[in-house]
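One structure is given below, encoded as structure tokens.
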Amino acid sequence: MEYTPGFIEAKWKQKWKEADIYKVEIDRSKPKYYILDMFPYPSGAGLHVGHPLGYIATDIFSRFKRHQGYNVLHPMGFDAFGLPAEQYAIQTGVMPQISTEQNIKRYREQLDNLSFSYDWSRSVTTSDPAYYRWTQWIFIRLYEHYFNTKENKAKPVSELIEVFEKSGSEQAAAFSTIEDHFTAQQWKAFSPKQKDDVLMHYRLAYKGQAFVNWCEELGTVLANDEVKDGLSERGGYPVVQRPMEQWFLRITAYADRLLNDLKTLEWTDALKSMQENWIGKSEGAQVFFKIKDSEESIEIFTTRPDTIFGASFIVLAPEHDLVEKLVTPEQQHTVKNYLDYAKTRSERERISETKQVTGAFTGAYAVHPFTGESIPVWISDYVLKDYGAGAIMAVPAGDLRDHAFAEKFSLPIIEIIDRSAHPKATIEDKLGTMINSGFLNGLEVKDAIKMAIGEIATKGIGKAKVNFRLRDANFSRQRYWGEPFPVCYDEDGICHPLSDTDLPLMLPELEDFRPGAGSQSPLARVPAWQSTREGYRRETDTMPGFAGSSWYFLRYMDACNPDELVSHEAIDYWQNVDLYVGGTEHAVGHLMYARFWHKFLFDLGIVNTQEPFRKLINQGMIQGRSNFVFRAKENFFEEYLKINVLDKYFADSGVYRLTEDEYDEEFCADWAFKSNDLVIEVVSWKLEDKIERIKGAVLKAGKRLLIITNEELTMSINHPLVIAEKIRTAIDGSENFIFDKSEEIDSQLYVSYNLTGNYSADCFSKIHVDVNIVHNDYLDIDAAVATRQFENAYFLIDDNKQFSCSWEVEKMSKSKYNVVNPDDMVAAYGADCFRMYEMFLGPIDQAKPWDTKGIDGVAKFLRRLWSLFFDENGKIQLSDTEPTREELKILHQCIKKVSEEVERFSFNTCVSAFMICVNDLRRIECRNLSVLKDLLKLVSPFAPHIAEELWEQSGEAFSVTLQPYPVFDEKYLKEDHIEYPVCINGKKRALLLLPADMDKADAEKQAVSLPEITKWLDGTPVKKVIVVSGKMINIVI
RNA sequence: GCCGAAGUGGCGGAAUUGGUAGACGCGCUGGAUUCAAAAUCCAGUUCUCGCAAGGGAGUGUGGGUUCGAUUCCCACCUUCGGUACCA
């Protein structure tokens, strides 16, 4: 029987489906294991071979864990809200509901093609109202809670209101961004709107102000992605930063918990440190600087209060509230100009710019709290409004950017730290002794920091403060295709959440997806949807992409529950995700938000774990391997004629290149002969003017002219003899002017890459070519001419009649013509082969290029595995005798390697181990049933179809998928001899077979007396011999 | 700029705790089989000098630690991911 993947795979897909073999339920008799893939966004382009990498890995691991007796939850769903569908709707008018549904259908087909063991009955889609109902529900809970700093957890806002009513703001242990100071009486006197505003300072979901990318011409807010160099990507219109009312989530309240609990996670150190740095906890001091001749003071945050005596000016963020109040009439104009400039700068640009500083003087002065001196107040875009207090005390001697700023604007630089004891220390190291610093003089930096904070507090001008780089999450989008906010506003603008019974608040259907008036979302165009029965108006912003993806892993546990987002029973059993696999691009965004939501739900008692993802693996990207063809440019043809015709066939005719000296004209023909009066010009037949002028010049000089057109060279490109004969005829003939007009075609000439080296580099344009018509870096010319790109193409082929292409590794994308579709791979090689090859490419966590040509190796392996079971006539032939020692050794080597490597997620080396095992078993012509059956169990997670088929062919009952995993036994691998490498100074010089239990002294003696070694030593005394038992012997001379 | 990762043959990669660098596979070269091709099988394949025996060099670059470094330390270069509204 032959191995026919197409037939076998269809058969087993059907059987698995009929048996519903991947359906999973709570089963308390088995330990649970929850394996999750990162939520895919179903884009219109469909899956390419890079997408399933992580899915294959988790599928192998899921199957492996099932073999080991775990009850495995392995679900898949779709993160379906997002910008691309909305963009598509704007362009084509196709409703996102429709395009998303189509895209999901296509993704599902492509995923099914690879036979993943998902329990599809648990699938969720974020844009499904049955799902986003619960996203809205969580939002309302966030809105209704604040963060209690004493209990370090979320508590109901209703309790906070009670505190306010009883004892005002001072008694409230509530996390807020603004420090409120009011008494119970004052609170009670507040208007409902005032109360609403105050509570927004505490709610975990609140309204605030943020700067957004505003594009006036497009009438919309743009994603950072849509802005390039200060202009909109679509249209190239100017984009400015503009403040806007937005919903926020108070993730900063959870900063400490998010930071501390990282320790409990089995994530890579790299990922943890990225999260740590993102949270960016820094301890320092808040200090107030009084403004000279004013009641105002500026709050600054500094991590280096020790350097306060070096503060020679203050810098405010351009957006700082005080700027307007502080600016003096004389500086109005300068500051206004600077603010206009700052508006055009994106935050990224502002942070990245380190070489050039810009800024403007406000005209105001602050009073240094210790020296009493007046120091100027400047504004500059290197200070960010959202970081710290949005203002800094600038210490030029202690900070590089402050230093650059001081130099540029000639501000004083006061040395405050003597680093002479630390010659290698940079100005940002916390090392040295304080100088020029009043009461801090002589202290070490570390002590000076403490002392300075103490003094600042005593003087009542500030206090120690912890600052986080982490910012509250902007949760508003002025978009259509997202979850509607379940809130509305009354006539006073007071916010009212919907009651739970009114959920889900459905997204209305729309026909026009352009932005609404005045920077509003398209929902603002639907007045009927906007107004509620109470006469309130709804929020028209929608939620961002991370809303739905911040909790989806919980819904999989109980996907169809209509009454709760997840039942207690399901949470109690499944708890949290044991293994999460996805790309590093989610390292800080999604993973931070999901952890935040999970912690909030923990505070509410909905989940029973502090962290959502226990272990996490980052998969590397699969890059594209682009192919390029080389198109001949104008100057190619002249070089071609010389190399392939003139040098070859007319070398003895004295052919030479004409120089300008030979004619008076500013142009000349290309080639002439010493032995006769013919001149040759290579030119496109279309350049008739040029031909006429050359004709005139050449005939005037009394020579004859042969025009060879680029077009005729192109059409006879692989037949240089045709041209040679034409030249010969011309030489021998007597015509004065020979010019054969080509027929009018627009042809292009492409040159095989391996020939391009013969010509100047500027003879060619390098152009992407679809990798699907290139095999082994050789262009399939027949396939190529059938495409639009090569409709009228001619190809200069190499000596082997091949046309080669160059290649480069790039991102896999449509525009680079390097996209490979997994469906095509499955059609050609089968899903088993594709799955295995994708794993074989390299380590799961590293980026690597896809190259289809290597897949043959895996295909060959599968055929060899198959052939182990059959004789040369294709009949199943297996023996049920006792396995030999050698067979067991080969098998157990494989069991050991594969079970260890799967646990380490090193799937590429597993595939190698399988190949070695099958090669070895073939070599000894193993036909042993028990050995081969164990091998099938090992292979089954990687290549389930072939394993299932061979299992059945071996006479076993359905299904290999449900078999327990083979157990490794050390005794089969024991060796009584070890082959030692014998090295001299670390370089291998000989091999020595020694008994495994030989002691070191004897081994040393044997090694030193080896003939290869004595030859090397040649009398040189041996200084030392190092014997590492079981590993190697090193002789030091 | 900042944070994180990765650089090993022609290519993808292996070397698990500092111990034989290049497993396994692709490609290439030669051979067998075949009318021929595909498929299959066998042998070779880091570079370099050499007919060979054998020698030298070699894991991005430069330095260091060590009997011994792809692995540890320092500095640098290049590429990739993220950088808060792509998902």
Side-chain angles (χ1 to χ4, degrees), chain A residues 38-41 43 79 81-84 87 210 212-213 221-227 246 268-271 273-278 280 347-355 386 401 469-479 544-546 549 583-590 592-593 618 620-621 623 625 776-777 807 809 811 837 840-843 845-851 853-858 860-861 863 867 900-901 904 906 908-909 911-916 919 979-991 1023-1026 1028 1030-1037:
Chain A
M38 275 185 193
F39 224 12
Y41 176 83
S43 83
D79 185 14
F81 276 132
L83 206 46
Q87 294 271 24
V212 296
N213 300 312
V221 177
L222 296 178
N224 288 336
D225 240 37
E226 302 173 291
V227 184
Q246 307 271 300
T268 58
D269 290 340
L271 190 54
S273 86
M274 272 192 264
Q275 289 229 330
E276 232 167 74
N277 293 329
W278 187 260
E347 190 178 272
R348 181 94 50 90
E349 288 170 331
R350 289 170 57 171
I351 300 169
S352 303
E353 184 62 76
T354 47
K355 301 219 165 60
D386 292 327
R401 287 226 263 195
R469 202 183 75 97
L470 182 72
R471 302 199 300 249
D472 282 343
N474 184 336
F475 204 60
S476 275
R477 300 292 181 267
Q478 289 70 46
R479 307 278 181 193
F546 66 83
S549 61
T584 28
E585 64 270 25
H586 299 290
V588 283
H590 161 60
M592 193 71 79
Y593 297 128
N618 279 129
M621 272 202 185
Q623 296 148 314
R625 190 179 183 280
N776 225 343
D777 292 334
W807 62 273
V809 172
K811 207 177 200 144
Y837 181 57
F840 187 59
L841 275 180
D845 57 346
Q846 267 168 48
K848 60 242 156 194
W850 174 270
D851 188 357
K853 81 179 175 199
I855 200 170
D856 282 330
V858 175
K860 211 180 280 178
F861 157 76
R863 284 198 294 269
S867 71
E900 283 173 7
E901 303 288 83
R904 290 177 49 216
S906 176
N908 55 327
T909 51
V911 180
S912 297
F914 286 135
M915 288 173 169
I916 292 169
N919 288 346
E979 192 174 50
Y980 281 88
V982 183
C983 308
I984 295 178
N985 288 346
K987 188 99 188 161
K988 183 179 75 172
R989 296 297 173 188
L991 288 170
K1023 279 194 198 149
K1024 202 170 163 191
V1025 178
I1026 290 144
V1028 184
K1031 292 270 182 184
M1032 52 81 68
I1033 299 168
N1034 191 21
I1035 299 165
V1036 188
I1037 56 172

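First the proteins, then the strands, lettered A, B, ... as listed; each starts at 1. Computation of the quantities below employed the complete heavy-atom set of this structure, encompassing side-chain atoms and omitting hydrogens, waters and symmetry-equivalent molecules. Because the structure is predicted, anything quoted here is derived from the model rather than measured.
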Using a 4.0 Å heavy-atom cut-off, write out nucleotides 42-48 of chain B from 5' to 3' as B (base contacted by protein), S (sugar-phosphate only) or - (no contact).
-------
A:Glu901 bridged to A:Arg904 by N-O distance under 4.0 Å:
yes
Report the base-pairing partner of B:G18 (Watson-Crick or G-U wobble, both distances below 3.5 angstrom), or none.
none
Which nucleotide, if any, forms a Watson-Crick or G-U wobble pair with B:C28, using both distances under 3.5 Å?
B:G44
So which atom in A:Ser549 and which in A:His590 form the shortest heavy-atom distance, rounded to 0.1 Å?
O-CE1, 3.0 Å
Report yes if a donor N or O on one partner sits less than 3.5 Å from an acceptor N or O on the other, where the partners are the side chain of A:Lys987 and the base of B:G58; otherwise report no.
yes
Between B:A23 atom C1' and A:Phe840 atom CZ, what is the distance in whole Å?
10 Å
Under 6.0 Å from the six-membered ring centre of A:Trp278 and within 45° of its axis: does the NZ or CZ of A:Arg469 meet both?
yes
Produce a footprint string for nucleotides 71-87 of chain B: one letter per nucleotide, 5' end first; B if the base is under 4.0 Å from any protein heavy atom, S if only the sugar-phosphate is, - if neither.
----------BSBBBBB
Taking donor-acceptor contacts at under 3.5 Å, does the side chain of A:Asn277 reach the base of B:C3?
no
Rounding to an integer number of Å, can you tell me how far A:Ile984 CD1 sits from B:G54 P?
15 Å
Rounded to the nearest Å, what distance is computed from the CD1 atom of residue A:Ile1035 to the C1' atom of nucleotide B:U20?
14 Å
Round to a whole Å and report the spacing from NZ of A:Lys988 to C1' of B:G58.
15 Å
Round to the nearest Å and state the distance from A:Asn908 atom CG to B:G22 atom P.
18 Å
For A:Ala587, which contact category applies under a 4.0 Å heavy-atom criterion: base, sugar-phosphate, or nothing?
nothing
Using both distances under 3.5 Å as the test, list the Watson-Crick or G-U wobble partner of B:C80, or none.
B:G4
Let me know the distance between CG of A:Asn919 and C1' of B:C41, rounded to the nearest Å.
13 Å
Across all strands shown, which nucleotide pairs with B:U71 by Watson-Crick or G-U wobble geometry, both distances under 3.5 Å?
none
Figure out the CH2/P separation between A:Trp807 and B:C11, and round it to whole Å.
6 Å
Students often get this wrong, so: under 4.0 angstrom with heavy atoms, is A:Leu841 touching a base, only sugar-phosphate, or nothing?
sugar-phosphate
Along nucleotides 26-33 of chain B, 5' to 3', which nucleotides get a B, which get an S, and which get a -, given that the test is a protein heavy-atom distance under 4.0 Å?
SS------
A:Ser912 versus A:Phe840: any side-chain heavy-atom pair under 4.5 Å?
yes
Rounded to whole angstroms, how far apart are CE on A:Met1032 and C1' on B:G68?
6 Å
